[in-house]
2 protein chains.
Amino acid sequence: MKINKQCIIRLSRYKNALYRLKNLGFVKVFSDNLADAVGSTSAQVRKDFSLFGISGNRRGGYQMDTLLEKLNNILGKDKLQKTIVAGAGNIGSALIGYRGFEKEGIDIVAGFDIDSALINEKAETPIFSLSKLKDFVKHSKIEIGIIAVPDSAAQEVLDLMVEGGIKGVLNFAPISLRAPEHIVINNVNLGIELENLIYFVNAVERTGSRE
Amino acid sequence: MKINKQCIIRLSRYKNALYRLKNLGFVKVFSDNLADAVGSTSAQVRKDFSLFGISGNRRGGYQMDTLLEKLNNILGKDKLQKTIVAGAGNIGSALIGYRGFEKEGIDIVAGFDIDSALINEKAETPIFSLSKLKDFVKHSKIEIGIIAVPDSAAQEVLDLMVEGGIKGVLNFAPISLRAPEHIVINNVNLGIELENLIYFVNAVERTGSRE
DNA sequence: TAGATTGTTAATCGATTAACAATC
DNA sequence: TAGATTGTTAATCGATTAACAATC
């Protein structure tokens, strides 16, 4: 099996599209419908499904409910994922305050910061001292962590998370982190995203196309 | 020329790595140094450079300063990029308050929201009513916009931006937006990023590897 | 049955890597 | 010069797409 990141991203998109189609009253979908909904091709959709042993009915397409169930199962949406956020500054507190993750089955249970002015253990989502991160993670068996601390602190915070037992990290600090092989790290680098956007805007202006 | 998004992302990474190496006192670099710094291969680095007509000295590597200058030029870092943010909620205000973009040459000059409680025209980065977005963009000749409004408002806000003359959009709303051909849209979908992370964490747990 | 769609294999496309002649 | 590194071409690898037999 050759499952890569792009493939799983597509699975997430199919899943999200299915919910929209469901709201529109669909009961079954064809690979062609899904391809349209996510801007792909029907062959890609069928290929992705076959990689995960998802099958439909020849001529009848895919049953929405069983398909959604299978996708949710593959994507681990069948259980609530407890997550913590390190850093309660701008981005950290935005993530903690963002309620959009709940309906995705992602529950941010606590934040951590080194700045005592930001600590608030009584808040709806409590903010603890960074010194409590490792034990909290260990006792609450947290597997997913989000890093939203300044660059200079990011590696140190990652080490704490790993020591506590965290298995996967979403990293907003624009530096590359070192971690043991079995730790999964996904980086979100907003500066690079903007830089990229600017390049292609300029390319369109220069050449009339995206080259 | 076949310039794709991945390639430009690598250019950004080279550029960032060069600043770090510069701080370490490097005056020239070899493709091998850069490959190590960004986790790539020397062939990839040289290939990328050759696509943009960047050349070094055989045996002498690349001169840091001229290389940085060329990369900054390609990436449009030679001029300040004025940007606006639509939506001053959790994520929008985090972006507005984040000072990390300044050193990247990205200047968030204003925010916009529909909620009058969030409007503050006297703030360091003023927050205006959404109704002023289009004219502001037009008069200030803003080319880059960031969408951080709820899903239900995102398409409408995008339309306003495009009418005002914005050319590129970084979209945080987890829906797919429709825009004219020449408008560049980059999506950042944090839900999908987390979902992806969870999948690979589970994959490591199941199989001991990332499959 | 006839017709439409799946599931899968083969073909194509594109991106990465290897290799090496050119050359500083 | 000898040695090391670039620049580029060719080979490989992987992912997407096309095509079509299977079949509901």
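What's counted below: heavy atoms across the whole structure, side chains too, no hydrogens, waters or symmetry copies. What you are looking at is a predicted structure, and each value in this text was computed from that prediction instead of being measured. Chain letters run A, B, ... following the sequence lines, proteins first, then strands; residues in each count from 1.
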Could you tell me whether [X] contacts a base, only the sugar-phosphate backbone, or nothing, with contacts defined as non-hydrogen atoms closer than 4.0 Å?
X: B:Ser40; answer: nothing
X: A:Ser31; answer: sugar-phosphate
X: A:Ser55; answer: sugar-phosphate

Nearest of [options] to any side-chain atom of [X]?
X: B:Phe30; options: C:dC24, D:dT23, D:dT6; value: D:dT6
X: B:Arg59; options: D:dT17, C:dT6, D:dG3; value: D:dG3
X: A:Lys47; options: C:dT17, C:dA10, D:dG7; value: C:dA10

Legend entry - Strand partner of D:dA22, provided both Watson-Crick or wobble distances fall under 3.5 Å: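 Partner of D:dA22: C:dT5.
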Inset, instruction - Under a 3.5 Å limit for both distances, which nucleotide forms a Watson-Crick or G-U wobble pair with C:dC13, could you say? - result: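 C:dC13 is paired with D:dG14.
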Legend entry - Plane angle bin for B:Phe52 and A:Tyr199 - parallel if under 30°, tilted between 30 and 60°, otherwise perpendicular: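 It falls in the perpendicular class, over 60°.
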Legend entry - Mutual orientation of the aromatic rings belonging to B:Phe128 and B:Phe136 [parallel < 30°, tilted 30-60°, perpendicular > 60°]: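 Ring orientation of B:Phe128 relative to B:Phe136: tilted.
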Rounded to whole angstrom units, what separation is found between the [atom1] atom of [X] and the [atom2] atom of [N]?
X: B:Asn33; N: D:dT5; atom1: CG; atom2: C1'; value: 11 Å
X: B:Asp32; N: C:dA19; atom1: CG; atom2: P; value: 15 Å
X: A:Gln6; N: C:dA15; atom1: CD; atom2: C1'; value: 13 Å
X: B:Arg58; N: D:dT8; atom1: CZ; atom2: C1'; value: 8 Å

Within less than 4.0 Å of OP1 or OP2 of [N], is there a side-chain N or O belonging to [X]?
X: B:Asn4; N: C:dG14; answer: no
X: A:Arg46; N: C:dT6; answer: yes
X: B:Thr41; N: C:dT17; answer: yes
X: A:Arg10; N: D:dT16; answer: yes
X: A:Asn57; N: C:dT5; answer: no
X: A:Tyr62; N: C:dG7; answer: yes

Legend entry - B:Lys77/B:Glu104 ion pair, N-O < 4.0 Å: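 Result for this pair is yes, salt bridge flagged.
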Inset, instruction - In plain terms, say whether A:Glu193 and B:Lys5 are close enough for a salt bridge, that is, a side-chain N and a carboxylate O under 4.0 Å apart. - result: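 Yes, this pair counts.
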Inset, instruction - Please examine the side chains of A:Val27 and A:Gln63, heavy atoms only from C-beta on, and report whether any two atoms are closer than 4.5 Å. - result: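 Contact flag for A:Gln63/A:Val27 side chains = yes.
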Inset, instruction - Specify the residue among B:Ala43 and A:Gly56 whose closest nucleotide of DNA chain C lies further upstream toward the 5′ end. - result: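 Residue closer to the 5' terminus by nearest nucleotide: A:Gly56.
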Legend entry - Which residue lies more 5' along DNA chain D, comparing A:Gly60 with A:Asp48 via nearest heavy atoms: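 Checking each residue's closest nucleotide, the 5'-ward one belongs to A:Asp48.
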